[in-house]
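So that the names make sense, note that chain A is the first sequence line, chain B the second, and so on, each numbered from 1.
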Amino acid sequence: MAHLTNHDIAEVFSAIADLMEILDEDRFRVQAYRRASDAIRDLPAPLATYRARGELEQIPGVGKAIAEKIGELLDTGELQYYNRLQERVPPSVRALLRVPGVGPRTAGRLYRELGITSLAELKIAAESGRLATLKGFGAKTIEGILQGIRAAERQERRVLLAHALEIAEALLDALRGAAPALRQATYAGSLRRGRPTVGDLDILAAADDALAVVRAFTTLPLVARVESAGDEKASVLLHNGMQADLIAVPPGMWGSALQHFTGSKAHNIRFRELAQAQGLSFSEHGFRRADGTLLTCATEEEVYATVGLPWIPPELREDEGEFEAARAGALPRLVELSDIRADLHMHSAWSDGHADIRTMAEAARARGYSHIAITDHSAYVGLTHGLDAERLRAQRQEIAALNAAYAARGVPFRILHGVEVDITPEGNLALPDDVLAELDIVVASAHIQLRQSPEAATDRLIRAVRNPHVDIIGHPTGRMLGSRESAPVDIDALARAAVEHRVLLEINSGPHRLDLDGPAVRRALELGATITINSDAHHPDNLAWMRLGVITARRGWAAAAQVANTWSYDVFQEWLSRR
DNA sequence: GCCGTTTTCGGCCCGACTGTTTTCAGTCG
């Protein structure tokens, strides 16, 4: 029996929530399954590990009943409770929920009253007039459903964080140009929380005349279709296929609206419960007191202060311990892009990069860095232009000359000579130790045969950690967003080995990688590991990817001191020399 | 089904927008 991944198990609980909702079961039980599903999806380690340690019920949202169900799924690959639900509603009915405008009540009626179990059947029913026989289904509803089916069939894809940031910033620029009354505007939602992929864009605007901003938004040239528009909210489809939602509020409500619109849903529910405990009802408009009066907040700081908490950075707002930390005064001072002084993983034209070393170095200097490491690929199967011992020595001379020129001009900038050496499937390195010993810094990464068992994938990296010349493990899990799952690396074991051997774990900032991810970073830091955030740039422009890595580190609760490339050159040199 | 700075039982976030309605349910975020 193939073992179930966290993702598989999260899917089961998500399906249970959908089916229960279609069956009109208790909405709080539905919410409980949904919350557990989300929590499981974000875990840094396999559920089997949590169970082995007896820690399943410490996962927020997982209690006795769901812990037992996780155990059953891990042991048998099945869940009797889920099987029984499927006898009452075919799981394919869930597909109807993907149609915008069709929720659980509608899906349930479509199934019970017309026997519809798929998008194709729904389309036929809508076109044939059969849908119109249902009470409450007028012409507009049916047209909406037909449009919704087309949207669902366009297999809505999540967009990479980097791409979403670009689109959001373009949208904000356009809105600023079109709405002169606009006082303030920003993106919110999962984009502001820095999730690695983003489903839709949430835009918040402040203006005295909110309606004028809504009108300007819905008539932007970027907008292909208006889904809905009211006095203060609008939802549109952009020409590029992304959905964008706008909330426009008076400037005095900016804080509450931004908090509301940033989410996450779980964070907001928890926050509103805290407000309730103090007799306050919180919404995007502010705090409603028991006597009906409204307390508005122009800043998020005021929003959190009202319930006695410090401001919580958006990247932490997942209801995964941030409230407890905030109450205890234990929120970390998160690393910021301006803390970054170095980039320790990048390529030049010596291997597969697109620029020479000097160009990369000058681009790094322009970003204000004090040092970089040039880490071209080692020669290894499947990699073109990888460097062998001889070419590495030639490269060393070029770097020495560049450093000498900087020193002669009194420029406080250094280039470290490194390599990105391949880790073979067995955990050996693709260059001999005596060659690695000549380098200033060694990044070790796995590139091929990433589909291994959890034991093999973990052992492979730990063997590399134990090599005394290895300083950094590059993109540890090898994931490629949208195309390749993370290798099943045991983060705890890797982090413990990294701590013991004083090896840095990388957050690779490549838009498709963001590897390690936030939850893994958080776990590694808890175990005492130190990380490094690197661009893996192959072009000077790619150095800007650092921003994405910093966001990912923040999602992992990283403080600047825990990130080795925030250290000065001297401190880092000292660290290297003590290894 | 989960959970506890009032609770181990009795709660569980909140409001805008839409369509088809004469007063509101469903959906969405």
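- A275(A) comes within contact range of no nucleotide atom at all, as no heavy-atom separation falls under 4.0 Å.
- The side chain of R105(A) sits closest to dG26(B) out of dC13(B), dG26(B), dC14(B).
- Within 4.0 Å of V99(A), counting heavy atoms only, lie sugar-phosphate atoms of the nucleic acid but no base atom.
- Pairing for dC9(B) is with dG4(B), a Watson-Crick or G-U wobble pair whose two hydrogen-bonding atom distances lie under 3.5 Å.
- Nucleotide dC14(B) holds its P atom 11 Å from the CZ atom of F28(A), rounded to whole Å.
- Here dT27(B) presents its C1' atom at 15 Å from CG of D24(A), a figure rounded to the nearest Å.
- D26(A) comes within 4.0 angstrom of a nucleotide base, judged by non-hydrogen atoms across all strands.
- No contact: S235(A) has no heavy atom under 4.0 Å from any strand.
- The cationic group of K69(A) lies under 6.0 Å from the six-membered ring centre of Y81(A) and within 45° of the ring axis, placing it in a cation-pi geometry.
- Of the candidate nucleotides dG1(B), dG26(B), dT18(B), dG26(B) has the atom lying nearest to any side-chain atom of T106(A).
- R29(A) meets the salt bridge (Lys or Arg N to Asp or Glu O under 4.0 Å) test with E25(A); sequence neighbours excluded.
- Phosphate contact (OP1/OP2 of dA16(B), side-chain N/O of H285(A), threshold under 4.0 Å): present.
- Nucleotides dT5(B) and dC13(B), compared at atom P, are 16 Å apart to the nearest Å.
- For dC14(B), one of the phosphate oxygens OP1 or OP2 lies less than 4.0 angstrom from a side-chain nitrogen or oxygen of S281(A).
- Taking the charged nitrogens against the carboxylate oxygens, E324(A) and R327(A) have no contact shorter than 4.0 Å, which rules out a salt bridge.
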Atom pairs under 3.5 Å, N or O on each side, protein against nucleotides 4-7 of chain B: can you list them with distances?
none

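- Checking the phosphate oxygens (OP1, OP2) of dC14(B), no side-chain nitrogen or oxygen of R272(A) falls inside 4.0 Å.
- Ring centroid separation for the pair F282(A) and H260(A) does not come in under the 6.0 Å cut-off.
- For the C1' atoms, the distance from dT6(B) to dG1(B) is 23 Å, rounded to whole Å.
- Taking 4.0 angstrom as the limit, K64(A) places none of its side-chain polar atoms (N or O) nearer than this to OP1 or OP2 of dC3(B).
- The CD atom of E315(A) sits 10.0 Å away from the OG1 atom of T262(A) when rounded to the nearest 0.5 Å.
- Distance F271(A) CZ to dC14(B) P: 11 Å, rounded to the nearest Å.
- For the pair T141(A) and dT20(B), the criterion of a side-chain N or O lying under 4.0 Å from OP1 or OP2 is met.
- Between the side chain of D245(A) and the main chain of K233(A), no donor-acceptor pair closer than 3.5 Å is present.
- Here F13(A) and Y82(A) keep their ring centres 6.0 angstrom or further from each other.
- In this model, no donor atom of one side chain and acceptor atom of the other lie less than 3.5 Å apart for H163(A) and R158(A).
- When the P atom is compared between dT23(B) and dC28(B), the two are found 25 Å apart, to the nearest whole Å.
- Atom CG of N268(A) and atom C1' of dC28(B) are 14 Å apart (whole Å).
- Here the straight-line distance linking atom CE of M20(A) with atom CG of D18(A) works out to 11.0 Å at 0.5 Å rounding.
- Nucleic acid contact class of K135(A) (heavy atoms, under 4.0 Å, all strands): none.
- Among the protein residues, Q243(A) comes within range of the sugar-phosphate backbone only, with heavy atoms under 4.0 Å from sugar or phosphate atoms but none that close to a base.
- One atom, CG of D245(A), and another, P of dG29(B), lie 6 Å apart when rounded to the nearest Å.
- dC14(B) and dG4(B) are spaced 22 Å apart, taking the C1' atom of each and rounding to whole Å.
- Side-chain atoms of T299(A) never come within 3.5 Å of backbone atoms of G255(A) as a donor-acceptor pair (strictly under, hydrogens ignored).
- Side-chain proximity of E273(A) to the nucleotides dC12(B), dT27(B), dC17(B) is greatest for dC12(B).
- Summarising the geometry, the separation between CZ on F261(A) and C1' on dC17(B) is reported as 13 Å, rounded to the nearest angstrom.
- Within the nucleic acid shown, A139(A) comes within 4.0 Å of sugar-phosphate atoms alone, with no base atom in reach, counting heavy atoms only.
- If L280(A) and L97(A) are placed on DNA chain B by their nearest nucleotide, the residue sitting closer to the 5' end is L280(A).
- Here V30(A) lies out of heavy-atom contact (under 4.0 Å) with every strand.
- Here, dG10(B) and dG15(B) have their C1' atoms 25 Å apart, quoted to the whole Å.
- Using a 4.0 Å heavy-atom criterion, one finds that R29(A) contacts the bases of the nucleic acid, with or without backbone contacts as well.
- Only the P atoms considered, dC17(B) is 22 Å distant from dT21(B), to the nearest whole Å.
- Where E284(A) and G101(A) meet DNA chain B, the nucleotide closest to each residue was compared, and E284(A) sits on the side nearer the 5' end.
- In this structure, the CD atom of E232(A) is 12 Å from the P atom of dT18(B), given to the nearest Å.
- Atom CD in Q259(A) sits roughly 13 Å away from atom C1' in dG29(B) (whole-Å rounding).
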